[in-house]
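To start, the structure itself, in structure tokens.
Side chains are part of it too, since the values below use all heavy atoms of this structure and drop only hydrogens, waters and symmetry mates.
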Amino acid sequence: TNGIELTEEVQRALVGDKDRSAAFVNISLDASTWENYHRIKKQGGSPEASKEQYLKILQNIRELVKMKKRMGSSLNISISSVLQEENTTPEEVEGLVRLARELGVNDVRFRYPYKKMTGAPQQSQIQAAYETLQRLIEEYRNDPNFSVTQVYTDDETHELMGRLLDGSLQRRKYEKCHVPHLRLTV
């Protein structure tokens, strides 16, 4: 979900109770600030509309986390980000990790683009994000309540960087799916 429609009713359906809940919900956020969210998503067109939407998403996440704790639910709440030109700086990657931790979610997941797209990062940007992610993964390795994950393995990351360099990134490989097949859609 993009987090916009995480109403109280949807939150209750996801959280359930101690014995029955959804297993996982992933919220695509992509940015640690509303300004960068606007640059990436351009939701609503204007900066003010993007700010309002971004703050609403953060509030929805906070409320979902509170409800999960109150109900004793085992729901795994994750924030994810596709690394793009605007969000690959070490400051932005670290900012999103810190924000996710502050919000109380279980983990934050990063993935690299699997095809050429508008705003796809350059090889040097992916390398900088990769190095930052390695440091943050290690930093939170022993935290029982929070983790940082890169969706691709080191080998897959290096292959993606190579594909960026040789221009073959636009070819989608369907050998492996990195996303669970079963999801609750609300």
Side-chain angles (χ1 to χ4, degrees), residues 1-6 14 24-44 47 50-62 64-65 75-141 143 145-154 156-161 163-164 169 172 176-180 183-185:
T1 178
N2 60 15
I4 297 167
E5 299 298 326
L6 276 176
L14 289 168
F24 182 85
V25 64
N26 181 68
I27 301 148
S28 301
L29 195 55
D30 294 325
S32 67
T33 65
W34 74 263
E35 294 91 347
N36 210 29
Y37 180 82
H38 176 69
R39 282 190 285 278
I40 293 169
K41 306 280 189 180
K42 300 200 179 8
Q43 297 292 324
S50 289
K51 180 178 182 179
E52 183 178 321
Q53 190 168 66
Y54 183 79
L55 295 176
K56 174 70 173 156
I57 293 167
L58 295 185
Q59 185 59 36
N60 288 346
I61 294 169
R62 284 184 185 99
L64 180 62
V65 168
L75 175 68
N76 184 305
I77 304 170
S78 180
I79 288 178
S80 68
S81 175
V82 175
L83 293 171
Q84 301 167 56
E85 197 169 25
E86 299 88 353
N87 66 357
T88 56
T89 65
E91 297 80 16
E92 183 64 23
V93 171
E94 190 161 337
L96 188 55
V97 168
R98 303 285 182 231
L99 175 63
R101 180 84 162 74
E102 172 195 312
L103 290 169
V105 302
N106 299 97
D107 60 70
V108 61
R109 301 166 187 236
F110 292 87
R111 78 171 179 82
Y112 307 98
Y114 55 81
K115 63 179 183 172
K116 272 223 187 287
M117 58 186 205
T118 305
Q122 301 299 312
Q123 193 260 351
S124 62
Q125 293 172 303
I126 288 180
Q127 182 65 40
Y130 172 80
E131 290 169 5
T132 303
L133 280 173
Q134 296 312 300
R135 180 177 54 75
L136 292 167
I137 288 168
E138 188 57 37
E139 182 178 331
Y140 290 101
R141 183 171 309 283
D143 187 327
N145 301 310
F146 182 74
S147 65
V148 179
T149 306
Q150 71 178 20
V151 175
Y152 301 113
T153 65
D154 287 350
E156 291 166 324
T157 300
H158 292 297
E159 177 191 344
L160 282 166
M161 285 190 258
R163 289 171 59 203
L164 267 170
L169 185 62
R172 173 78 192 258
K176 182 176 178 185
C177 180
H178 301 282
V179 180
R183 292 183 174 229
L184 170 65
T185 305

| Taking atom CZ of R98 and atom CD of E102, what is their separation to the nearest 0.5 Å? | 11.5 Å
| request: Step by step, work out the side-chain contact (heavy atoms from CB on, under 4.5 Å) result for L103 and L58. | output: CA-CA 8 Å; L103 290 169; L58 295 185; 3.9 Å; yes
| said: How long is the straight-line distance from CG of L83 back to CG of D30, given to the nearest 0.5 Å? | reply: 8.5 Å
| field | Reported OG1-to-CD1 distance for the pair T149 and I137, which is rounded to 0.5 angstrom | value | 6.5 Å
| request: Any chance you could measure S78, atom OG, to I27, atom CD1, to the nearest 0.5 Å? | output: 8.0 Å
| request: Assess whether side-chain contact (heavy atoms from CB on, under 4.5 Å) is satisfied between L96 and N87, documenting all intermediate values. | output: CA-CA 9 Å; L96 188 55; N87 66 357; 5.9 Å; no
| query | Does I4 reach the side chain of N60, with side-chain heavy atoms less than 4.5 Å apart? | reply | no
| message | Is the shortest side-chain heavy-atom distance between L75 and N106 below 4.5 Å? | response | no
| query | Quick one: does Y140's side chain have a donor or acceptor within less than 3.5 Å of a partner on R101's backbone? | reply | no
| task | Specify the closest pair of heavy atoms between V108 and F146, including all atoms of both residues, with the distance to one decimal. | result | CG1-CZ, 3.8 Å
| query | What are the two closest non-hydrogen atoms of S32 and G95, and how far apart are they? | reply | CB-C, 3.4 Å
| request: With side-chain contact (heavy atoms from CB on, under 4.5 Å) as the test, would you mind laying out the steps for I79 and L99 before giving the verdict? | output: CA-CA 10 Å; I79 288 178; L99 175 63; 5.7 Å; no
| Can you tell me if Y54 uses its side chain to pair, donor with acceptor, with the backbone of L29 under 3.5 Å? | no
| query | So how far is it from E5 CD to I57 CD1, rounded to the nearest 0.5 Å? | reply | 10.0 Å
| task | Give a yes or no on whether E52 atom CD has more than 12 heavy-atom contacts from other residues, nucleotides or ligands under 6.0 Å away. | result | no
| request: Work out which heavy atom in F110 is nearest to a heavy atom in L133; give both atom names and the distance. | output: CD1-CD2, 3.2 Å
| request: With the side chain counted from C-beta on, respond yes when Q53 and H38 share a heavy-atom pair under 4.5 Å apart, and no when they do not. | output: no
| task | Could you check L14 against L6 for side-chain contact (heavy atoms from CB on, under 4.5 Å), going step by step and ending with a plain yes or no? | result | CA-CA 9 Å; L14 289 168; L6 276 176; 3.7 Å; yes
| query | Does a side chain donor of either Q134 or E138 reach within less than 3.5 Å of an acceptor in the other side chain? | reply | no
| Taking atom CD of E139 as the centre, does the number of heavy atoms from other residues, nucleotides or ligands within less than 6.0 Å exceed 12? | yes
| message | What's the separation between atom CD1 in I40 and atom CD in E92, rounded to the nearest 0.5 Å? | response | 6.0 Å
